[in-house]
Amino acid sequence: MVLDRDKVSEVFKQLERYKSKDYSFSNGRILGSMCTEPHPIARGAYLKFLDVNLGDPGLFPGSKEMEMKLIEFTGKLFHIPKTATGLSVSGGTEGNITAIWIAKKLINGREMIIPKHVHFSFQKIASLMDIKLIPVDLTSDYTIDINSIRKHINSNTFAVVGVAGSTDLGVIDPISELSEICLEEHIFLHIDAAFGGFVIPFLENHLPFDFSLPGVSSLSVDFHKMGYSAIPLGILFLRDKNWLDEISVESTCISIKRQAGLLGTRSAGPIAAAYAVTQYLGYDGYRKIVEKCMETTRYAEEKIQSIGLSIIRKPILNILGVKLRNPSKVIEVLSRKGWKVGDMSHLSCIRIVVMPHVTKKVIDEFIPVLEEVCLEVGEI
Ligand SMILES: *Cc1c(COP(=O)(O)O)cnc(C)c1O
């Protein structure tokens, strides 16, 4: 097709105008997001697969093969057994929805036990599937209180959720203990590792949190967070591949007889991007990124304390909660100065997620601004 160059340039001018109003990762001023600018190799890979629909894999067997390789690479991080399978999803929300959809099909009941820090997607899940959420309090270190879980289990309980890298503070629930309880009680255990899935495996001396624990039924992880790839992609792993039968339907008019999962048409773009990033980085590349983010987190922690502020809890992952009396005020003034931090007013703090674009240089630029703002509004 021959394009009208003038029209193209006019349309792109419009696009530029919109984009220029956005905050960007490239200048490092987004400090409160779990996303980042994808690894440079992701862009070309994404575009190459712009026209591939993996909802209809019979037409795109090569792309399907690439998807399976990506799932295999990722599954090794979580010690998936031979019986397991993985399903591409659009992210943590869809991963959680799909896991609980399966759990509900496998086990009778409508009560689900969740730690109070679960991601808000569980409210959608409760609404979609008519589930009663049973929130469990957190201990003083902000993880689920194991001792009170058993009290909440009854014949109506079908699932428990453990978070490996909470959205708020990046803490990890005691998954081993959850695994034991769920195994004993014959309850489905879903691990939400949307953020932590690409961090925890690369930390030294981390506790087991994945399929190495026999009670873990499913685990989901996001590629568009610490997977350093493009939006939207996550993978949901299931201990038993036969569980997919629970959520598959007969599909007409496409190249396969049955389709499992929530989405129909879905792009191979994010899968190609993630495949490219994983092949380029390898496990070692990810480890280096995580080490760097953790080092910058410790650096930021010191700098924050040096201006008279304190953190809510020693960071486990690359997330910091900075205690403030009036977080909304600080957020508002920082935003006016071009800096975006996360709002955690419910914990009386702001969230800084030390993603790969948040370098020491960015922290050095940010700290004087934070100090100035905090002095201005009377926090320090
Ligand atoms: C980000 C996040 C989600 C939601 O993932 P999306 O990709 O935004 O759908 C779910 N759980 C946790 C723990 C998260 O951090």
Side-chain angles (χ1 to χ4, degrees), residues 25 30-36 38 42 74 78 86-101 103 112-128 133 135-136 138 142-144 159-175 178 189-201 209-210 216 218-237 261-263 266-267 269-271 273-274 290 293 297 315-321 340-344 346-347 351-356:
F25 293 113
I30 300 180
L31 300 188
S33 170
M34 290 185 149
C35 290
T36 190
T74 314
F78 308 115
L87 189 67
S88 299
V89 289
S90 56
T93 301
E94 194 193 331
N96 289 341
I97 292 173
T98 312
I100 304 308
W101 181 12
M112 177 160 71
I113 295 175
I114 53 163
K116 281 201 168 149
H117 59 195
V118 281
H119 184 260
F120 61 83
S121 51
F122 284 93
Q123 292 171 46
K124 301 181 188 179
I125 292 169
S127 163
L128 272 169
L133 298 177
V136 173
L138 305 181
Y142 297 94
T143 58
I144 193 168
V160 173
V161 177
V163 185
S166 66
T167 318
D168 287 343
L169 293 170
V171 297
I172 306 167
D173 286 323
I175 311 291
L178 291 179
L189 174 59
H190 174 60
I191 306 303
D192 183 352
F195 184 81
F198 272 102
V199 186
I200 304 166
F209 73 105
D210 59 17
V216 170
S218 62
L219 179 149
S220 59
V221 61
D222 271 2
F223 262 101
H224 54 232
K225 291 180 178 169
M226 283 299 283
Y228 208 10
S229 190
I231 300 167
L233 184 66
I235 298 179
L236 170 66
F237 293 97
L262 203 55
L263 300 185
R266 58 188 180 89
S267 173
I271 289 162
V290 167
C293 289
T297 305
I316 310 283
L317 308 184
N318 44 328
I319 299 178
L320 286 162
K340 297 303 264 185
V341 296
D343 188 347
M344 287 205 299
H346 60 289
L347 292 174
R351 181 181 77 165
I352 295 172
V353 190
V354 186
M355 296 301 290

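Side chains included, hydrogens not; waters and symmetry mates left out as well; all remaining heavy atoms used. Computed from a predicted model, the values in this text were never measured in an experiment. All residue numbers refer to positions in the sequence shown, counting from 1. Numbering of ligands and ligand atoms starts at 1, following listing order.
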What distance separates [X] [atom1] from [Y] [atom2], expressed to the nearest 0.5 Å?
X: Leu178; Y: Ile144; atom1: CG; atom2: CD1; value: 5.5 Å
X: Leu169; Y: His117; atom1: CG; atom2: NE2; value: 9.0 Å
X: Met355; Y: Phe195; atom1: CE; atom2: CZ; value: 5.0 Å

Flag side-chain contact, heavy atom, 4.5 Å: Val163 against His119: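 In short, these two side chains do not touch, never coming nearer than 4.5 Å.
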Parallel, tilted or perpendicular: ring planes of Phe122 versus His190, cut at 30 and 60 degrees: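 Tilted, since the angle between the ring planes falls between 30° and 60°.
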So, is [X] polar-close to ligand 1, with some N/O to N/O distance under 3.5 Å?
X: Ser121; value: no
X: Thr93; value: yes
X: Gly92; value: yes

Minimum heavy-atom distance Asn96-Asp192, with the two atoms named: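 In this case the closest contact between Asn96 and Asp192 is ND2-OD2, 3.0 Å.
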Lys225 vs Val353, side-chain contact (heavy atoms from CB on, under 4.5 Å): CA-CA, chis, key distance, verdict: CA-CA 11 Å; Lys225 291 180 178 169; Val353 190; over 6 Å; no
Under 4.0 Å from a heavy atom of [X]: which atoms of ligand 1 are those, numbered in the order shown and with their elements?
X: His224; value: 7 (O)
X: Met34; value: 15 (O)
X: Asp222; value: 5 (O), 6 (P), 7 (O)
X: Gly165; value: 13 (C)
X: Ala194; value: 2 (C), 3 (C), 10 (C), 11 (N), 12 (C), 14 (C)

Heavy-atom proximity to atom 12 (C) of ligand 1, best of Val353, Asp192, Ile319: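 The nearest heavy atom belongs to Asp192.
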Option of least heavy-atom distance to atom 1 (C) of ligand 1 (set: Lys225, His117, Lys124):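 Nearest option to atom 1 (C) of ligand 1, by heavy atoms: Lys225.
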